[in-house]
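Every number for a ligand or one of its atoms is a count from 1 in the order of the listing. None of these values were measured; they are calculated from a predicted model.
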Amino acid sequence: MRSDPQPLSPPAFADDLFAGERRDQPLDPGAIVLGGFASDRAQALFAAMETVLADAPLRHLITPGGWRMSVAMSNCGTFGWVSDRSGYRYDPADPLSGRRWPAMPALFTAFAAEAATAAGFAGFVPDACLINRYEPGARLSLHQDRDERDQSAPIVSVSLGLPATFLWGGPERRDRPRRVRLAHGDVVVWGGPARFAFHGIDPVADGTHPLTGAARYNLTFRKVY
Ligand code: MD6
Ligand code: FE
């Protein structure tokens, strides 16, 4: 028996072509893209993130050099990453409210541990989650993540919404970065020999995503202490 032909309509969003598909891409020893690892929990992660943001809203931090960051940031967990004229630091309180950051949702903690394990870093227990929102045009210039006291733990990073081009450099700022496409549901994990690699995000292109609207969100889980 023959089934009816399916209508040939283009996908609502190009990433849907790969929805549910898992594809891993090692970057360097200690660093890997777990393609689509978060796809089946993206909506739940996004909903939990919105709960956090109701308590600790996104804001544009000022760099020590006096620039307003194009990425809007917030945090949950025991510590939150902040920047102001005095420098970068992890702070147990939200400078906007003076209160502790919202607790890390149980889903976040469990998800980060699962992704770390999939990348070969068993036993990861994050105590900080930085939330980044990139509206079209927002970018993050090449940097290292080195404000964490515990340098043995990896970092787990989840992309939600609009796609972006991730710049993956090396241990030196002058190392020419590779460009890696990150789509909704992709997870990057790095640690060990790759823990201090330079990395960044190219300006996010215009677009809208069914879950997040005109924005890319990134959750990065860290173990600070
Ligand atoms: C981002 N991520 O993907 C920016 N840092 O929006 C980061 O800067 C980052 O993804 C450390 C580890 C993973 C990351
Ligand atoms: Fe980073």
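- Remark: aromatic rings of F221 and F124 are distant, center separation not under 6.0 Å.
- If you check each of R222, H199, Q144, H143 against atom 5 (N) of ligand 1, the one with the closest non-hydrogen atom is H199.
- By the 4.0 Å N-to-carboxylate-O rule, R149 lies too far from D127 to be salt-bridged with it.
- For L140, every heavy-atom contact with ligand 1 shorter than 4.0 Å involves the side chain, none the backbone.
- At the top of the distance list for atom 2 (N) of ligand 1, counting protein heavy atoms only, stands N218 OD1, 3.8 Å.
- With salt bridges taken as basic N to acidic carboxylate O contacts below 4.0 Å, one links D24 and R22.
- Comparing I201, D145, N132 by heavy-atom distance to atom 11 (C) of ligand 1, the nearest is D145.
- For atom 14 (C) of ligand 1, the closest non-hydrogen atom of the protein is W190 CH2, 3.3 Å.
- Salt-bridge check for E135 with R216: failed, with every basic side-chain N at 4.0 Å or more from each acidic carboxylate O.
- For a threshold of 3.5 Å applied to N or O pairs, the pair formed by T220 and ligand 1 contains no separation below that value.
- For the residues Y217, Y134, W168, the heavy atom positioned nearest atom 1 (C) of ligand 1 is part of Y134.
- Using a 4.0 Å cut-off between charged nitrogen and carboxylate oxygen, D147 and R89 do not count as a salt-bridge pair.
- The NE2 atom of H199, the Fe ion (ligand 2) and the OD1 atom of D145 define an angle of 90° (nearest 10 degrees).
- The nearest heavy-atom contact from the protein to atom 10 (O) of ligand 1 is S157 OG, 2.7 Å.
- For D55, the side chain to side chain contact (heavy atoms under 4.5 Å, CB included) partners at least two apart in sequence or on another chain are P102.
- Using modelled atom types, one finds no donor on one side chain facing an acceptor on the other under 3.5 Å when comparing T220 with N132.
- Atom numbering of ligand 1 starts at 1 in the shown order; those under 4.0 Å from a heavy atom of R216 are 1 (C), 3 (O), 6 (O).
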